[in-house]
2 protein chains.
Amino acid sequence: MLERMARAATTSDVFNAIAEPQRREILVLLRSGERPVTELARELGMTQPGASKHLRVLREVGLVRDRQAGRQRLYDLDARGLRPVHEWAGGFERFWNESFDRLDAYVQDLKQEKEEGR
Amino acid sequence: MLERMARAATTSDVFNAIAEPQRREILVLLRSGERPVTELARELGMTQPGASKHLRVLREVGLVRDRQAGRQRLYDLDARGLRPVHEWAGGFERFWNESFDRLDAYVQDLKQEKEEGR
DNA sequence: CGAGCATATTCCGATATCGGCATACGTCAA
DNA sequence: TTGACGTATGCCGATATCGGAATATGCTCG
């Protein structure tokens, strides 16, 4: 069934789902509690259909849950899917610290040269 | 100049750059040291042009550095750009733990019921 | 300089993305 | 039931993505 894909479907994994800035903003907003679509749209300055579409993606990768509350549909955060992202990036911690050390050493060198210079 | 964009350019931010699985694999490989393009391609089972293209993206967002070494171009990890990703995801730690707690509580409940049942 | 290896770029096709707009669906309340 | 509100879906245009294949560029050594 699969013809060649142009890019991993945004709907198929968390890394793709959070590649879109507005979706990250939605997730951040949801940390302070569940919300109906319209309110999210308003808070983020997007249209209602826009918000709905992003929420659909987030739901499909399991980052949000929804429940019906009267006429409204409340969306709620389910952050468990972000753990793999955190862990994956964390696997590089040693390396960005290393880079920092190098940078730090470099800055130290510059300072020293300057002081020795005058 | 900017006509409407279909998606944030993959080349413009780290979140998009790491949305592609093969690029994540490249980064992981580079943790064990710098490598020429061909070796990366071989190790990941991709074509040379394919590897080059992914490396270009990674370079443009600053996740890798390259240096010329004879005929080869060696690519090296610069993981500093992954720190924001780690931190962003880390901002949800409290929430996935919460979810875990809930799940845990639920499992406990099930156990208890079972024990009380017999 | 010219051969040859290493890498980058270009062009292509198929597909996916995102935003906007119109509209369908769903639920409640009178 | 009908109306009104809240939300989802469908379609469109512009653009970007990815992989493959061919080809261009770069660098080194004889």
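Small disclaimer: the values here were computed from a predicted structure and weren't measured. A note on names: the letters A, B, ... follow the listed sequences, proteins ahead of strands, and every chain is numbered from 1.
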For this session: To the nearest Å, give me how far apart CE (B/Met46) and C1' (D/dA21) are.
Result: 17 Å
Problem set entry | Pair B/Arg35-B/Thr38, side-chain donor/acceptor within less than 3.5 Å | no
Exercise. Hey, is B/Asp66 close enough to B/Arg73 for a salt bridge, meaning N to O under 4.0 Å?
Worked result: yes
Problem set entry | Rounded distance in Å - CD (A/Glu39) to P (D/dG6) | 12 Å
For this session: Using modelled atom types only, decide if a donor and an acceptor are shared between the side chain of A/Arg65 and the backbone of A/Asp76 within a distance under 3.5 Å.
Result: no
Exercise. If you look at every strand shown and take non-hydrogen atoms under 4.0 Å, does A/Pro36 touch a base, only sugar-phosphate, or nothing?
Worked result: sugar-phosphate
For this session: Give a yes/no on whether any side-chain N or O of B/Arg56 is located under 4.0 angstrom from OP1 or OP2 of C/dT9.
Result: yes
Problem set entry | Nearest-0.5 Å distance, CG of residue B/Leu74 to CG of residue B/Leu30 | 10.5 Å
Seminar exercise, completed: A correct 5'-to-3' footprint of nucleotides 24-30 of chain D, with B, S and - meaning base, sugar-phosphate only and no protein heavy atom under 4.0 Å, is ---SBS-
For this session: Could you tell me whether the phosphate oxygens of D/dA8, OP1 or OP2, come under 4.0 Å of any side-chain nitrogen or oxygen in A/Tyr75?
Result: yes
Problem set entry | Whole-Å distance separating the CG atom of B/Leu74 from the P atom of C/dT7 | 8 Å
Problem set entry | Within the 6.0 Å centroid threshold, strictly below: B/Trp88 and A/His86 | no
For this session: Using whole Å, report how far CG of B/Leu55 lies from P of C/dT9.
Result: 11 Å
For this session: Calculate the interatomic distance between B/Asp66 atom CG and C/dT9 atom P; express it in whole Å.
Result: 10 Å
Problem set entry | Whole-Å gap separating C1' (C/dA8) and CD (B/Glu60) | 12 Å
Exercise. B/Arg59 and B/Tyr75: side-chain donor and acceptor closer than 3.5 Å?
Worked result: yes
Problem set entry | Position toward the 5' end of DNA chain D (nearest nucleotide), B/Gln48 or B/Gln22 | B/Gln22
Seminar exercise, completed: From the candidates D/dG20, D/dT7, C/dT7, the one with an atom nearest any side-chain atom of B/Val37 is C/dT7
Exercise. Rounded to the Å, how far apart are A/Arg24 CZ and C/dC18 C1'?
Worked result: 15 Å
Exercise. Does NZ or CZ of B/Arg24 lie under 6.0 Å from the centre of the six-membered ring of A/Phe15, at an angle within 45° of the ring axis?
Worked result: yes
Exercise. What's the NZ-P distance between A/Lys53 and C/dG20, to the nearest Å?
Worked result: 9 Å
